[in-house]
Amino acid sequence: MSITDVLSAEDIAAALRECQDPDTFEPQKFFQTSGLSKMSASQVKDVFRFIDNDQSGYLDEEELKFFLQKFESGARELTESETKSLMAAADNDGDGKIGAEEFQEMVHS
């Protein structure tokens with residue numbers, strides 16, 4: 001699966017342009033611009049599985065660091081503060097990782 005199977009390349013490019021500078025990544029803005037927030041819950045979970053590098057069913061901080069690169073290989077890494085903010089925004093149960101359900105809830109919040 002390629003991310004452009006479910007999101008348009010133009011929308012992804014626009015979302016990445018909005019956060020190309022370090023510490024400018026805002027999850028909700030990214031989800032909106034990329035089109036992710038308009039997708040169904042099951043489509044968002046498909047995207048989650050694409051982002052989940054080790055297929056563990058969870059995203060940890062190491063995987064989140066490379067979040068933008070899952071949308072475009074040449075994109076930058078998230079900074080440590082962006083990674084921690086993204087984790088805090090989605091990790092509802094406080095276990096230090098984001099499950100598919102938590103990811104979907106964050107995207108649609």
Side-chain angles (χ1 to χ4, degrees):
M1 171 186 156
S2 168
I3 200 76
T4 53
D5 291 345
V6 289
L7 295 170
S8 89
E10 295 80 28
D11 289 346
I12 291 170
L16 290 170
R17 272 194 305 276
E18 290 177 348
C19 63
Q20 64 189 1
D21 295 322
D23 295 315
T24 59
F25 176 72
E26 297 174 30
Q28 294 309 326
K29 188 175 183 183
F30 183 86
F31 300 147
Q32 194 116 35
T33 304
S34 68
L36 206 51
S37 60
K38 296 179 197 97
M39 297 172 76
S40 72
S42 71
Q43 289 173 310
V44 170
K45 288 176 183 168
D46 286 342
V47 171
F48 172 88
R49 284 188 282 281
F50 180 74
I51 297 167
D52 181 15
N53 276 344
D54 60 7
Q55 300 300 301
S56 65
Y58 296 97
L59 301 177
D60 58 26
E61 280 194 17
E62 189 60 27
E63 287 170 307
L64 290 180
K65 184 170 141 182
F66 302 106
F67 181 81
L68 297 177
Q69 294 175 358
K70 288 306 227 167
F71 292 86
E72 167 60 56
S73 61
R76 68 177 180 86
E77 291 178 7
L78 292 181
T79 65
E80 187 174 340
S81 64
E82 288 171 323
T83 302
K84 289 187 183 312
S85 292
L86 185 54
M87 178 64 73
D91 183 19
N92 298 330
D93 60 11
D95 64 356
K97 53 192 178 186
I98 301 171
E101 201 67 37
E102 290 172 314
F103 182 75
Q104 182 267 311
E105 287 171 16
M106 175 179 59
V107 168
H108 288 135
S109 67

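In what follows, every heavy atom counts, from backbone to side chain, and hydrogens, waters and symmetry copies are set aside.
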Interatomic spacing from [atom1] in [X] to [atom2] in [Y] - rounded to 0.5 Å:
X    : Y    : atom1 : atom2 : result
T33  : Q28  : OG1   : CD    : 11.0 Å
L68  : E82  : CG    : CD    : 7.5 Å
F103 : L59  : CZ    : CG    : 6.5 Å
D91  : M106 : CG    : CE    : 10.5 Å
Q104 : S109 : CD    : OG    : 10.0 Å
L36  : D11  : CG    : CG    : 10.5 Å

With F31 via ring-ring contact (aromatic ring centres under 6.0 Å, His included) - residues at least two apart |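 With sequence neighbours excluded, F31 shows a ring-ring contact (aromatic ring centres under 6.0 Å, His included) to no residue whatsoever.
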Assess whether atom CD of Q32 is packed by more than 12 heavy atoms of other residues, nucleotides or ligands within 6.0 Å.
->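 12 or below, so no.
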With hydrophobic residues grouped by side-chain heavy-atom distances under 4.5 Å, do [X] and [Y] end up in a single group?
X   : Y   : value
F67 : Y58 : no
I51 : L64 : yes
F30 : I3  : yes

[Y] side chain reached by [X] side chain, heavy atoms, under 4.5 Å:
X   : Y    : value
V47 : V107 : no
E18 : T24  : no
K70 : N53  : yes
M39 : L7   : yes
K84 : E80  : yes

Write down the atom of G96, the atom of M87, and the distance for their closest heavy-atom approach.
->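 Nearest pair, atom of G96 first, then M87: O-CE, 3.3 Å.
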Would you say the side-chain atoms of [X] pair up with the backbone N or O of [Y], donor to acceptor, closer than 3.5 Å?
X    : Y   : answer
D46  : F50 : no
R76  : D21 : yes
E63  : D54 : yes
E102 : D93 : yes

Please determine if E101 and K45 form a salt bridge, counting it only when a charged side-chain N lies under 4.0 Å from a carboxylate O.
->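 The answer is yes: the pair qualifies as a salt bridge.
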Would D52 and R49 pass as an ion pair if we require N to O under 4.0 Å?
->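 R49 and D52: not salt-bridged.
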Set of side-chain contact (heavy atoms from CB on, under 4.5 Å) partners for S40, sequence neighbours left out |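 Listed in chain order: S42, Q43.
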Name all residues meeting the side-chain hydrogen bond (donor to acceptor under 3.5 Å, both in side chains) criterion together with D23; count only those two or more places apart in sequence or in a different chain, and write none if there are none.
->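 Counting only residues at least two positions away or on another chain, D23 forms a side-chain hydrogen bond (donor to acceptor under 3.5 Å, both in side chains) with T79, S81.
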